[in-house]
Amino acid sequence: MESLKLYNSLKPGAPVPFVPIEQGKVSWYACGPTVYDKSHLGHARNYVSTDIIRRILMHYFDFDVNFVMNITDIDDKIIIKARRQRLLDLEKQKSYSVEELRELALSAFRAYAKSSLPLLVKDGEELDTTNYIARREAGYGGVLAGGTISGEGKPGDDEAKVKMHLNNMKAAAEAIESGEIFPGTDEILLPYLDSLYKETIDTRDQTMFTDLTQSMEDLFMEDMDALNVLRPDVITRVTEYVPQIAKFVERIVDKGFAYESEGSVYFDISAFEKAGNTYARLRPDIRNDKSLQEEGEGSLSKNLVGKKNPGDFALWKQSKAGEPFWPSKWGAGRPGWHIECSVMASDVLGSQMDIHSGGIDLAFPHHDNELAQSEAFFCDHEKGEHTWVNYFLHMGHLSISGSKMSKSLKNFQTIQDALATTYTSRSMRIVFLLGRWSEGVEISPDMRLQGDNWESTISNFFINTKSLLAEAGISNGVQSLSISPDSKPTEGLLGELEQAKQEFEAALVNSFDTPRAMAIILKMVNTANIHLKDNKDADLTALEAIARWITKIVGIFGLDANAKPPYNGLGWATVIAANVEPKTAVEPYAEVLTKVKADVDALSIQNDTISALLGQNPVTEFDSVVASGSRDPEQLALPYLRVVSKIRDELRRIVASQAAETKKAILVLTDRIRDQDFTNLGVYLDDRPDDQPSLIKFIPAAELIAAREEKAALLAEKAKKKEEARLAREKADQEAREKAKVPPQELFKNDERYSAWDEQGMPTKMKDGSDVPKSQLKSLKKLWDRQKKAHEDLKAKGLL
């Protein structure tokens, strides 16, 4: 096997060889969520892609992975959200008159505009709901129309933020106008109330924070379970590590790499670099980006004072009124953002780890600061610079309409909503597999379509292969037909499979190139499908080997939530609940068989084959499947389904020789078995030509029922249009008959354009007394002749 190579953010460029600290083992720390809101598709992109890599390392390359993930359960975002919500709840409990409440909302409305949408504010004229729309169009109309704030380039995060603020203002304006202040004004009241009363909150009671974070952590874990993301081996939480964090910071101060100022402690970048260490190893090009530095400190820390240098960052923050606090040698305070990961990762994994991962947006300042403070903590001046992380993996972010999907921009779709309306766990994971983990993904219809096509192609291949094996009478798979590990086929389908396996492995060792890997799988299936199309006698050995290999791979990729390592099955795993007995599981199939036998018996068909089939009892074969230990519902159901399918095939074979009434009854019954009885059980009968037996295919009942309903809807629409056309024809015919009843001599008599007619009823004078123009007379004569013919035809038919 070629050695695994990884894209390493610490060494930009081509993938580098992966050499773990301890052979066969991988220590891995992943930045987990900040739990202050529901998780969205951007989080799914990060954690699903991380999960895919983890699974490949574990189940393809056989590494023993120790996967550690943190939960950030206290930071500026959490503090602000929890505190603001508490203040809003308290405000809603106050007794306000209608006018007082409206004035409060208007004050918040104006403050929100001044803070977030300055183009709405004009000197000398106060903003209110009556002039808001005009100012919005004047100030931000271009952004709302899809442009940029500057009028140049493409819209991005800044424009997404403006749209978010405008949506909040729109909701507030409508609420103020209607007099229903809550909840429409909540988003503008939250920051306003915080600005007024934040220092009055008693933060000794931390339940306002823990209630929020615990509930959001639970939702996050539920989302990850729904996405089939493996749980971490170890979960760490910031609030459980505060004493250790304080001690960690003390050591960095003692070593001369940090300093205290007015109760806060800052990392001293200059001292760190003077000692021979490297700062901003991941993103040296943006180390002086002030906006990113401020974002890294958090919105509550913009006014931190006492820094020696602008780039120095807080390891420990003095807590202000309205913020939670813990004791330390520098007074009441709380951890800085970056220090948490350094302490927790080091506590579990030690002074050095193989892999650290997170979203690409965390590279600077979060991960660069993590590296610096951790290397400062562990460095030994006599030994030189310390390496805390060997491989840094950064997942590309997910974007929508050119903007990064984020909670703060509110341009996101939650994972819960996405799974309820747009994606399945499998389809979402397929989309991420079709993109490189290290590159950004833009949500688009084409991307979704590509993923759907890949999934349906693989699913259909599994269905067809299992159906052919079942037709061959191989109920429990054909492992006995599998090629041995020592054989090396060089031609045919098996040769194609060996080539695909080699190409697949080359893709994975190239830093988990899953787009290439997915293409190789698809190509292999397409090759197998061509073989099936061109060969009536399918090569079951090769098909089974291909299907089992793909089954293993989709299991490793996490595409089958029901499958378990080592993924030795065939197709998407289907299992009955542990507390359901096999006989209970097959009752619906047994009931269909009983019903079909009774219906056929009632036809009184004189046919030896039919009689023999009606006498077949599948219980013996079913008992044999149960005795083998199988709890696959498909295998348990096959004995019953085979008997029904054979009865139906025989009925279709003899139908032409039956009397008219019996023929009609047989056709109704065979259609019902296929379209109703089997469809409702998630079974599709593929009728084949040349007297070949129908293939039994297991397809999710929901899909079959949806297809049946769609077909019925199309037929109903076709019938409706046919009936509408018939009625239109009848109406036209009736109108033509009524018109034909008029004698040609009377055709133009009521036409006000004319004032005189000849003995045949042809107009001779116009209304003004002038002669009818010859050109017009020619057209009128044609109409008169047609009317005469229609009138005479009606007479001839006796309809007059």
Side-chain angles (χ1 to χ4, degrees), residues 31-39 43 70-88 115-116 157 161 164 187 190-195 197-201 203 206-214 216-217 220 237-239 241-242 245-246 249 262-267 289-307 311-326 328 330 332-344 358-359 361-362 364-370 373 406-410:
C31 277
T34 300
V35 283
Y36 72 98
D37 208 340
K38 291 181 179 179
S39 300
H43 297 106
N70 77 298
I71 298 289
T72 297
D73 57 353
I74 196 70
D75 83 335
D76 287 19
K77 293 185 178 71
I78 292 169
I79 294 168
I80 291 172
K81 179 166 185 177
R83 187 178 66 201
R84 287 179 174 180
Q85 191 58 54
R86 174 67 62 87
L87 287 169
L88 181 60
S115 172
S116 305
D157 290 355
K161 190 173 293 186
M164 176 197 71
E187 290 298 327
L190 288 167
Y192 182 65
L193 296 173
D194 198 49
S195 69
Y197 306 121
K198 62 186 176 186
E199 296 181 0
T200 67
I201 291 291
T203 53
Q206 295 191 2
T207 56
M208 79 177 79
F209 308 111
T210 56
D211 287 349
L212 170 65
T213 57
Q214 287 173 4
M216 289 298 111
E217 180 183 337
F220 171 78
R237 298 174 184 83
V238 179
T239 54
Y241 269 84
V242 176
I245 290 172
V249 173
E262 299 188 22
S264 295
V265 179
Y266 301 97
F267 188 80
D289 188 311
K290 187 177 180 181
S291 63
L292 288 175
Q293 290 171 346
E294 290 179 352
E295 184 180 341
E297 292 290 19
S299 56
L300 296 178
S301 307
K302 292 180 179 179
N303 297 319
L304 286 176
V305 295
K307 289 186 181 183
D312 292 350
F313 53 91
L315 302 177
W316 184 266
K317 301 176 182 179
Q318 181 189 41
S319 289
K320 300 186 288 292
E323 298 177 6
F325 57 88
W326 288 264
S328 76
W330 311 286
R334 56 190 178 89
W337 178 29
H338 321 299
I339 196 67
E340 62 184 58
C341 290
S342 293
V343 177
M344 293 186 289
D361 52 325
L362 297 180
F364 182 86
H366 184 55
H367 289 153
D368 267 324
N369 290 353
E370 267 190 69
Q373 64 204 13
S406 73
K407 293 176 184 175
S408 59
L409 296 180
K410 295 186 179 179

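One-based numbering along the sequence shown.
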**Close side-chain approach of W326 and Q206, heavy atoms under 4.5 Å** = yes
**CG-CD1 distance between D37 and I78, expressed to the nearest 0.5 angstrom** = 11.0 Å
**Request:** Go through the structure and list residues passing salt bridge (charged side-chain N to carboxylate O under 4.0 Å, His left out) with K198, not counting sequence neighbours.
**Result:** none
**Prompt:** For F313, what residues pass the ring pair (Phe, Tyr, Trp, His ring centres under 6.0 Å) criterion, not counting sequence neighbours?
**Reply:** F267, H338
**Asked** To the nearest 0.5 Å, what is the distance between OG (S328) and NZ (K317)?
**Response** 14.0 Å
**Asked** When rounded to the nearest 0.5 angstrom, what is the spacing between SG in C31 and CD in E340?
**Response** 7.5 Å
**Item:** Contacts of type side chain to side chain donor-acceptor pair (under 3.5 Å), residue D75, not counting sequence neighbours
**Value:** none
**Item:** Set of ring pair (Phe, Tyr, Trp, His ring centres under 6.0 Å) partners for F220, sequence neighbours left out
**Value:** Y47
**Request:** Report yes if some heavy atom in the side chain of M208 is under 4.5 Å from a heavy atom in the side chain of L87; otherwise report no.
**Result:** no
**Prompt:** Does Q85 have any side chain to side chain contact (heavy atoms under 4.5 Å, CB included) partners at least two apart in sequence or in another chain, and if so, which?
**Reply:** L88, D89, L190
**Asked** Taking side chain as C-beta onward, heavy atoms only, is W316 less than 4.5 Å from P335?
**Response** yes
**Request:** Using side chain to side chain donor-acceptor pair (under 3.5 Å) as the criterion, list what pairs up with W337, not counting sequence neighbours.
**Result:** none
**Message:** Are N70 and Y241 packed together at the side-chain level, in the sense that at least one heavy-atom pair is separated by less than 4.5 angstrom?
**Reply:** no
**Asked** What residues, two or more places apart in sequence or in another chain, satisfy salt bridge (charged side-chain N to carboxylate O under 4.0 Å, His left out) together with E323?
**Response** K320, R334
**Request:** Please name all residues satisfying side chain to side chain contact (heavy atoms under 4.5 Å, CB included) with Q214, sequence neighbours left out, ordered by chain then number.
**Result:** T210
**Prompt:** If you measure from CZ on F325 to OG1 on T203, what distance do you get to the nearest 0.5 Å?
**Reply:** 5.0 Å
**Request:** Can you sort out the partners of T239 under side chain to side chain donor-acceptor pair (under 3.5 Å), two or more places apart, ordered by chain and number?
**Result:** D73
**Request:** Kindly write out the residues that satisfy side chain to side chain donor-acceptor pair (under 3.5 Å) with S342, not counting sequence neighbours, or none if the list is empty.
**Result:** Q373, S374
**Request:** Drop me the distance from Y197's OH to Y192's OH, to the nearest 0.5 angstrom.
**Result:** 7.5 Å
**Item:** CD1 on I79 to CD1 on I201, rounded to 0.5 Å
**Value:** 12.5 Å
**Prompt:** Which heavy atom of L315 sits nearest a heavy atom of I339, and at what distance?
**Reply:** O-CG2, 3.5 Å
**Message:** When you compare the side chain of T213 with that of I71, does any pair of heavy atoms fall below 4.5 Å?
**Reply:** no
**Request:** Check salt bridge (charged side-chain N to carboxylate O under 4.0 Å, His left out) between R83 and all other residues, then give those that pass, not counting sequence neighbours.
**Result:** D194
